[in-house]
Amino acid sequence: ILLAEQQGVIHRGGISMSGDGHIVPDYPTLLKKGFRQIINEAREKMKDGSLSKEQEYFYKSVIISLEGVLDFFKRYSKLADEEAKKCNDLIRKKELLEIADMASDMMEQGARNFYEAVEVSYMVHMLQMIESNGHSFCYGRFDQYMYPYYKKDLKDGKITKDQALEIITHMFIMNSSCNKVRPYGHTKFSQGYPLYSNLVVGGLKPNGEDGTNDLSYLCIEAMNLTALAEPNFSARIHAKTPRKFIEACAKLIRTGCGMPSMFNDEVASKGLEDLGISHEDALDYCPIGCVETGVPGKYGHRATGMTYVNWGKVLEILLHNGYDPNTKIRLLKVSDSESMHSNFKNYNELWQTWENFLKYYSDLSVECDKICDTYLAKYDASPFASCLIQNSMKLGKTLKEGGCKYDVISQSNIGPSVVGNSLMSIKKMVFDENKITFDELLDAMDDNWTSKKSQYIRKLCMKTPKFGNDNDEVDNIVKDVFNSYLKLLPGYKTLRTGKGPEVSCYTMSTSNITSYVPNGFVVGATPDGRMAGSPLNEGCSPTQGTDKNGPTAVINSVSKLPNEKVAAGQLLNMRFLPDSLEGEEQLNKFIDFLIVSQKKGVYHNQFNVISTEVLLDAKENPEKYTDLIVRVAGYCAQFVSLMPQAQDAIIARTQNEI
């Protein structure tokens with residue numbers, strides 16, 4: 001594993017990023033019960049004489065954690081009361097006294113009104129991060145579990161729509177006040193200080209009915225008013241989503257804030273159900289972190305992210321007979337012959353070798369996961385976050401020990417489009433048309449296309465079909481790349497398999513934040529014409545600037561992928577010119593584009609609506625653009641806070657028009 005890390009294939013993201021994450025508490029149950037009831041449940045469990053020492057320690061830790069949380073709330077009550085006594089503004093004084101009263105016994109019982117329910121959800125979110133210096137603690141289906149409180153307060157005359165909007169807006173602002181201690185690698189390569197605090201609205205209910213409600217629209221308006229990077233705001237749509245809701249989402253996207261990120265209910269829920277998750281739970285899914293998906297309140301501690309696997313590097317090593325050109329480390333070889341031209345007689349032999357190399361490094365990455373999980377179970381137990389997930393209290397286990405209903409995890413796999421495009425170039429130029437030999441191609445790549453002959457070869461490679469242009473031949477190769485990994489997954493088990501969860505398995509994700517940029521640093525030139533050190537593709541998106549046939553061609557290509565099998569999240573990023581979405585006619589075309597994307601089975605789509613000219617000016621004059629928020633990968637951030645390479649990768653995305 002260490003040698004594979006030195007080669008640049010594997011990166012242990014979970015440990016280097018520190019802390020827990022990818023957790024969505026069971027907010028509906030929590031808001032009804034309160035913490036005192038959970039404390040009492042833990043004390044009752046402690047009376048069971050058959051408990052193991054580990055279970056006993058777990059219940060004790062839950063009691064200590066929740067008693068500490070209740071004391072923490074009371075400290076806020078005391079502070080608000082002290083501030084009220086010093087306050088001369090009568091309106092603010094009233095607000096402070098209301099906070100003091102609410103916090104004095106908050107969660108000694110369930111939430112008593114909408115304001116308190118929102119306050120509790122935020123405080124729980126913050127406390128989870130404090131417990132483990134974590135990130136990707138998410139709110140799940142906020143508009144669904146908050147709606148009963150809102151509806152009752154509205155009916156009883158305790159709140160108005162405007163007051164509810166103000167509360168939500170303030171909560172959104174508070175999310176952008178949070179941060180965490182980060183290792184330098186995360187700070188450098190995932191810039192913008194993301195916390196990945198996903199909050200989703202809309203979508204089907206577990207009973208199959210549309211769940212869009214007043215709060216869905218109020219959350220959209222709150223994001224419009226704040227236009228900040230947190231929370232990481234998402235929306236779910238399906239075949240019967242009201243056009244009015246999609247229009248509201250489209251109008252927010254048009255503002256250029258990078259949100260909401262759009263998810264396809266039919267595709268996402270099918271992927272989860274195929275893993276063995278119940279139909280009702282699958283319909284209740286939510287994004288967790290960037291674009292990872294899972295069941296709120298029932299998933300374990302990680303939907304993705306412990307191990308990053310650089311598929312671009314795997315291909316480069318394969319093409320050099322197992323050697324990493326940078327480190328000269330060799331863990332696996334194609335054959336004893338150093339001439340790659342003699343190693344592959346046809347494309348099928350090359351493909352079989354790709355599958356062998358992918359399995360070898362995927363096996364290593366799963367072993368790496370086990371190292372990360374063992375470490376985290378010992379040093380980052382997180383009893384507070386654990387007790388908020390179903391089955392943790394029943395089993396007497398932390399999430400990392402198997403205390404959850406579903407333990408579905410994935411890795412971040414980087415560069416499938418680069419790999420597919422590269423295989424297409426080799427197939428066409430070397431095997432089908434015999435325009436160049438394998439060794440000529442490798443020589444051109446190794447000098448990074450600098451010599452005249454290499455430049456000529458690169459032109460040939462650049463002309464071969466690229467993913468994202470609705471070309472069946474290359475699209476099917478990218479699909480094959482996905483399937484080559486998917487078929488490996490049934491053979492992998494987690495450390496928690498058979499130790500409590502009803503479902504415990506691996507699935508696939510293409511959520512890899514900004515890692516496609518630094519992972520490209522260590523990959524030399526690739527057969528698709530990509531330059532050495534440049535970014536790989538992000539998620540399932542086309543490689544930057546290679547999609548030439550417009551946005552409909554992109555979704556046609558993506559729709560051919562096995563999206564419903566990528567059950568931990570499939571990321572697609574697109575950029576549109578602002579002018580192309582102006583006016584009612586253009587807006588309606590964009591709404592139709594979103595609807596067609598859903599119908600064609602595109603798992604997810606997210607957008608930047610900004611011109612290249614603005615981005616270039618922002619890079620040159622950052623002081624003028626401190627409020628420019630962009631969609632980076634599965635999160636949004638200040639454009640000026642990103643490293644130059646990440647900025648360039650965003651600029652390189654194709655400018656689409658409707």
Worksheet item: Hey, does Q6 have a side-chain heavy atom less than 4.5 Å from the side chain of L3?
Response: yes
Worksheet item: Quick one: are C404 and Q390 in side-chain contact, heavy atoms under 4.5 Å?
Response: no
Item to complete: Please report the shortest heavy-atom distance between L275 and A567, naming the atom on each side.
Response: CD1-CB, 3.8 Å
Worksheet entry | Whether over 12 other heavy atoms sit under 6.0 Å from K599 NZ | no
Fill in: For the student: nearest non-hydrogen atoms of V291 and S511, plus distance
CG2-CB, 3.6 Å
Item to complete: List the steps, then state whether salt bridge (charged side-chain N to carboxylate O under 4.0 Å, His left out) holds for D363 with K359.
Response: CA-CA 6 Å; D363 289 350; K359 183 179 187 307; 2.8 Å; yes
Discussion item. Check K270 with E273, please: is the shortest side-chain N to carboxylate O separation under 4.0 Å?
Written reply: no
Worksheet item: Do any N or O atoms from the side chain of Q352 and from the backbone of E349 form a donor-acceptor pair under 3.5 angstrom?
Response: no
Worksheet item: In terms of side-chain heavy atoms, does N605 have a donor or acceptor partner in S597 at a distance below 3.5 Å?
Response: no
Worksheet item: With no hydrogens and no angle check, is any side-chain donor or acceptor of E401 less than 3.5 Å from a backbone partner on T398?
Response: yes
Item to complete: Just say parallel, tilted or perpendicular for the rings of F431 and F438, cut-offs at 30° and 60°.
Response: perpendicular
Worksheet item: Can any side-chain N or O of N563 pair as donor or acceptor with the backbone N or O of V558 at less than 3.5 Å?
Response: yes
Worksheet item: Would you call K428 and E473 a salt bridge, using N to O less than 4.0 angstrom?
Response: no
Discussion item. When you compare the side chains of Y485 and Q411, does any donor N or O come within less than 3.5 Å of an acceptor on the partner?
Written reply: yes
Worksheet item: Are any side-chain N or O atoms of H320 and backbone N or O atoms of G322, one a donor and one an acceptor, separated by less than 3.5 Å?
Response: no
Discussion item. Using side-chain heavy atoms (C-beta onward) and a distance below 4.5 Å, is R496 in contact with K397?
Written reply: no
Discussion item. Any salt bridge linking E538 with R653? Criterion: basic side-chain nitrogen under 4.0 Å from a carboxylate oxygen.
Written reply: yes
Worksheet item: Are the side chain of T510 and the backbone N or O of G539 linked by a donor-acceptor pair below 3.5 Å?
Response: no
Fill in: Under 3.5 Å side-chain donor-acceptor pair for D432 and Y347
no
Worksheet item: Is a side-chain donor-acceptor pair under 3.5 Å present for T543 with N537?
Response: no
Item to complete: Please check if the side chain of S278 supplies one atom and the backbone of D281 the other of a donor-acceptor pair under 3.5 Å.
Response: yes
Discussion item. Looking at D336, I want to see if its CG is surrounded by more than 12 non-hydrogen atoms of other residues, nucleotides or ligands under 6.0 Å.
Written reply: no
Worksheet item: Does some side-chain heavy atom of D528 sit less than 4.5 Å from a side-chain heavy atom of V418?
Response: yes
Worksheet item: Should the pair D284-R141 be classified as a salt bridge under the 4.0 Å nitrogen-to-oxygen rule?
Response: yes
Worksheet item: Are a donor atom and an acceptor atom from the side chains of H22 and E292 found within less than 3.5 Å of each other?
Response: yes
Worksheet item: Are the side chain of D265 and the backbone of L204 linked by a donor-acceptor contact shorter than 3.5 Å?
Response: yes
Worksheet item: Does the pair D407/K499 count as a salt bridge with the N-to-O cut at 4.0 Å?
Response: no
Item to complete: Sort out for me which residue in T526, V419, N519 forms a side chain to side chain contact (heavy atoms under 4.5 Å, CB included) with L536.
Response: N519
Discussion item. Side chains of S261 and S234: any donor to acceptor distance under 3.5 Å?
Written reply: no
Discussion item. Pairing donors with acceptors under 3.5 angstrom, does anything connect the side chains of N573 and S541?
Written reply: no
Discussion item. For K466, is there an ion pair with D547 - N to carboxylate O distance below 4.0 angstrom?
Written reply: no
Worksheet item: Short question: side chain of N326, backbone of V522 - any donor-acceptor pair under 3.5 Å?
Response: yes
Discussion item. Would the distance check show the side chain of D470 and the main-chain N or O of S557 forming a donor-acceptor pair, the cut-off being under 3.5 Å?
Written reply: no
Discussion item. Suppose we call two aromatic rings close when their centres sit under 6.0 Å apart. Are W311 and Y361 close by that rule?
Written reply: no
Practice prompt. Using a 4.5 Å cut-off on heavy atoms from C-beta on, say whether the side chain of D26 contacts that of P296.
Written response: no
Worksheet item: What are the two closest heavy atoms between V309 and S365, and how far apart are they?
Response: CG2-CB, 3.6 Å
Worksheet item: Going by atom types alone, do D324 and T327 pair a side-chain donor with an acceptor below 3.5 Å?
Response: yes
Worksheet item: For N471, does its backbone N or O pair with a side-chain atom of N469 as donor and acceptor, under 3.5 Å?
Response: no
Fill in: NZ/K479: more than 12 non-hydrogen atoms of other groups inside 6.0 Å
no
Worksheet item: Which heavy atom in K328 sits nearest to a heavy atom in Y323, and how many Å separate them?
Response: O-CD2, 3.6 Å
